[in-house]
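Counting starts at 1 for both ligands and their atoms, in listed order.
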Amino acid sequence: MTWDQWGEIGQRLLKTVGQNNFTTWIKPLTPGEIRDGILTLNVPTNFFGNYVSQNFSELILHEVRMAEPTVNRLNFAITPQMAETAEAPAPAAEQTSAALAKPTPAVAPGSATLNTAPLDSRFTFDNFVVGKPNELAHAAARRVAEGGAVTFNPLFLYGGVGLGKTHLMHAIAQELAIRKPEMNVLYLSAEQFMYRFVQALRDRKMMDFKEIFRSVDVLMVDDVQFIAGKDSTQEEFFHTFNALVDQHKQIIISADRAPGEIKDLEDRVKSRLQCGLVVDLHPTDYELRLGILQSKVEVQRQSYPSLVIEDGILEFLAHRITSNVRVLEGALTRLFAFASLVGREINMELTQDCLADVLRASERKVSVEEIQRKVSEHYNIRLSDMIGPKRLRSYARPRQVAMYLCKQMTSRSLPEIGRRFGGRDHTTVMHGVRRIEELKQTDGQIAEDLELLRRALES
Ligand SMILES: Nc1ncnc2c1ncn2[C@@H]1O[C@H](COP(=O)(O)OP(=O)(O)OP(=O)(O)O)[C@@H](O)[C@H]1O
């Protein structure tokens with residue numbers, strides 16, 4: 001590709017992506033060779049390549065093909081020395097707004113081709129809804145995304161399925177790209193780490209492997225539990241980890257559980273993972289789920305601007321779908337698509353129709369034991385007193401409340417419930433349930449207790 005061609009491509013891209021994007025993301029690119037229809041573009045860092053590939057590759061390819069129709073794919077290759085050029089002012093002759101770096105003949109020898117995980121442009125801090133269950137993880141993620149001096153190493157984020165670990169990891173990487181574009185940020189899953197390691201072993205390129213991983217400024221490894229039980233990968237991970245910590249480079253790790261609870265992970269790896277800041281993403285609560293739904297509705301509205309959603313629907317979903325954010329998001333997407341297909345507004349009837357399976361699957365299975373424990377805690381009495389024979393009102397009333405909740409929230413029969421309450425007869429349970437039903441109408445305190453307990457048991 002000639003310099004003139006590349007310059008013209010730049011002029012056209014500038015018009016499409018705007019001056020800021022152009023200066024930050026397009027100008028530092030230099031084209032390398034074209035081989036078998038693939039044009040190599042040199043980029044200063046892994047992260048840079050990922051970002052451009054994710055956000056601009058289609059546009060670039062389109063413009064490149066106008067000049068060179070033989071090109072049908074782009075390949076991004078790191079040339080580490082470009083890190084300085086990316087920040088350096090353009091030479092005088094190139095100081096037009098669309099100045100692009102001069103083409104270099106080919107990829108620098110020894111440079112690595114990028115095949116790390118692409119980043120999801122939707123997973124940013126702006127799109128992350130913060131609530132009590134995730135506020136600490138969010139604050140820690142924000143701190144490392146500032147790219148300042150390393151204060152805790154590693155940052156270890158853990159939590160159950162679909163609670164936002166990957167979202168936060170991507171948000172950190174994207175924020176760092178904006179704040180510290182010169183930093184070499186490497187984000188990949190533990191599975192990809194293993195894959196690269198095995199490939200390097202097979203191709204006898206361990207030196208290259210070590211060089212790549214030990215020259216990053218920030219290493220982010222998602223789902224680290226994957227390497228449990230994989231001894232050589234753990235070993236290599238351990239050495240990479242130590243080398244980076246020694247150089248005060250930031251490491252960010254995510255997993256589905258705390259380091260100490262990952263089975264088949266060597267103790268020395270566990271203890272390394274524990275030595276920084278370990279924060280967990282707790283299961284969502286009602287308020288966070290509602291906040292997330294409200295923010296996702298705004299996104300859906302862009303695709304379905306005329307759809308009407310009745311009051312109370314989001315509250316209903318936040319109340320009923322408690323499993324994880326991914327399911328919540330999926331339910332909302334399905335609801336909007338369905339309503340737009342049938343051309344109706346989103347009301348309760350349509351919601352229950354469309355999401356019947358999700359709502360059924362999300363029905364929280366509460367056990368008799370859980371109810372007994374929560375109720376005794378709530379009334380501050382001992383569990384044994386609630387189940388035992390004492391007839392004092394201060395024990396009998398909580399007992400009846402617990403029986404009532406067992407009837408309402410589990411599929412247990414009256415005789416079964418009686419058995420779990422110290423072998424009482426089913427008529428005693430029936431009497432207790434009826435009594436609470438009456439009191440619920442007349443006694444505000446009981447009604448409030450029931451509401452609180454139900455919420456606590458459902459969350
Ligand atoms: N607090 C939040 N605000 C907005 N979206 C969220 C939030 N938490 C999770 N999500 C969304 O939920 C989905 C699942 O999140 P993510 O993939 O980050 O979960 P995860 O914890 O990495 O799960 P897994 O263990 O399955 O990898 C994503 O679409 C993400 O954007």
Side-chain angles (χ1 to χ4, degrees), residues 50 54-55 116-145 154-176 187-195 219-228 252-259 261-263 265 273 278-303 314 317-318 320-337 355 358 361-362 459:
N50 272 333
Q54 178 89 20
N55 293 283
T116 57
L119 296 167
D120 191 323
S121 57
R122 293 164 309 163
F123 290 1
T124 59
F125 282 119
D126 283 349
N127 292 343
F128 191 80
V129 182
V130 186
K132 264 225 148 47
N134 60 20
E135 65 181 342
L136 194 57
H138 170 259
R142 280 263 189 204
R143 170 63 64 81
V144 294
L155 167 62
F156 190 100
L157 298 169
Y158 76 93
V161 171
L163 294 181
K165 300 182 291 293
T166 301
H167 189 134
L168 277 182
M169 299 275 272
H170 285 213
I172 296 172
Q174 316 213 47
E175 185 79 14
L176 279 170
Y187 165 84
L188 79 177
S189 66
E191 187 177 359
Q192 285 164 328
F193 179 87
M194 186 187 82
Y195 175 74
L219 175 65
M220 310 177 76
V221 182
D222 210 348
D223 288 326
V224 82
Q225 74 278 357
F226 182 83
I227 64 167
I252 305 155
I253 306 281
S254 88
D256 63 354
R257 64 202 70 182
E261 286 165 19
I262 305 178
K263 274 210 200 106
L265 198 62
L273 293 176
V278 178
V279 274
D280 62 340
L281 288 135
H282 297 278
T284 55
D285 59 14
Y286 172 79
E287 286 77 13
L288 178 58
R289 288 195 294 273
L290 187 59
I292 291 173
L293 282 169
Q294 282 163 344
S295 110
K296 308 271 174 192
V297 160
E298 292 312 311
V299 179
Q300 291 292 339
R301 275 197 207 289
Q302 288 164 15
S303 315
L314 297 186
L317 294 177
R320 291 289 300 275
I321 304 179
T322 54
S323 44
N324 73 53
V325 182
R326 199 175 283 125
V327 177
L328 204 60
E329 245 184 343
L332 200 67
T333 309
R334 191 185 330 164
L335 198 55
F336 270 81
L355 300 177
V358 184
S362 288
S459 66

Mind telling me whether His170 and Tyr187 have parallel, tilted or perpendicular rings, with 30° and 60° as the class edges? perpendicular

Run through all N or O atoms in ligand 1 and write down each protein N or O closer than 3.5 Å, as a pair with its distance.
from: ligand 1; atom 1: 1 (N); to: Val129; atom 2: O; distance (Å): 2.8
from: ligand 1; atom 1: 1 (N); to: Asn134; atom 2: ND2; distance (Å): 3.3
from: ligand 1; atom 1: 3 (N); to: Val129; atom 2: N; distance (Å): 2.9
from: ligand 1; atom 1: 5 (N); to: Lys296; atom 2: NZ; distance (Å): 3.0
from: ligand 1; atom 1: 17 (O); to: Arg326; atom 2: NH2; distance (Å): 3.1
from: ligand 1; atom 1: 18 (O); to: Lys165; atom 2: N; distance (Å): 3.4
from: ligand 1; atom 1: 18 (O); to: Thr166; atom 2: N; distance (Å): 3.1
from: ligand 1; atom 1: 18 (O); to: His167; atom 2: N; distance (Å): 2.7
from: ligand 1; atom 1: 19 (O); to: Gly164; atom 2: N; distance (Å): 3.2
from: ligand 1; atom 1: 21 (O); to: Leu163; atom 2: N; distance (Å): 3.2
from: ligand 1; atom 1: 21 (O); to: Gly164; atom 2: N; distance (Å): 3.1
from: ligand 1; atom 1: 21 (O); to: Lys165; atom 2: N; distance (Å): 2.9
from: ligand 1; atom 1: 21 (O); to: Lys165; atom 2: NZ; distance (Å): 2.8
from: ligand 1; atom 1: 22 (O); to: Thr166; atom 2: N; distance (Å): 2.9
from: ligand 1; atom 1: 22 (O); to: Thr166; atom 2: OG1; distance (Å): 2.7
from: ligand 1; atom 1: 23 (O); to: Gly162; atom 2: N; distance (Å): 2.8
from: ligand 1; atom 1: 23 (O); to: Arg326; atom 2: NH2; distance (Å): 3.3
from: ligand 1; atom 1: 25 (O); to: Lys165; atom 2: NZ; distance (Å): 2.9
from: ligand 1; atom 1: 26 (O); to: Arg326; atom 2: NH1; distance (Å): 3.1
from: ligand 1; atom 1: 26 (O); to: Arg326; atom 2: NH2; distance (Å): 3.1
from: ligand 1; atom 1: 29 (O); to: Glu329; atom 2: OE1; distance (Å): 2.7
from: ligand 1; atom 1: 29 (O); to: Glu329; atom 2: OE2; distance (Å): 3.3
from: ligand 1; atom 1: 31 (O); to: His167; atom 2: ND1; distance (Å): 2.7

Check: Met169 and Phe123 side chains under 4.5 Å, non-hydrogen atoms: no

Heavy atoms, side chains only, cut-off 4.5 Å: are Asn134 and Leu163 in contact? no

Leu265 and Val224, any side-chain heavy atoms less than 4.5 Å apart: no

Thr166 and side-chain hydrogen bond (donor to acceptor under 3.5 Å, both in side chains): which single residue from Asp222, Asp223, Asp120 fits? Asp222

Taking atom CZ of Arg142 as the centre, report whether more than 12 heavy atoms of other residues, nucleotides or ligands fall under 6.0 Å from it. yes

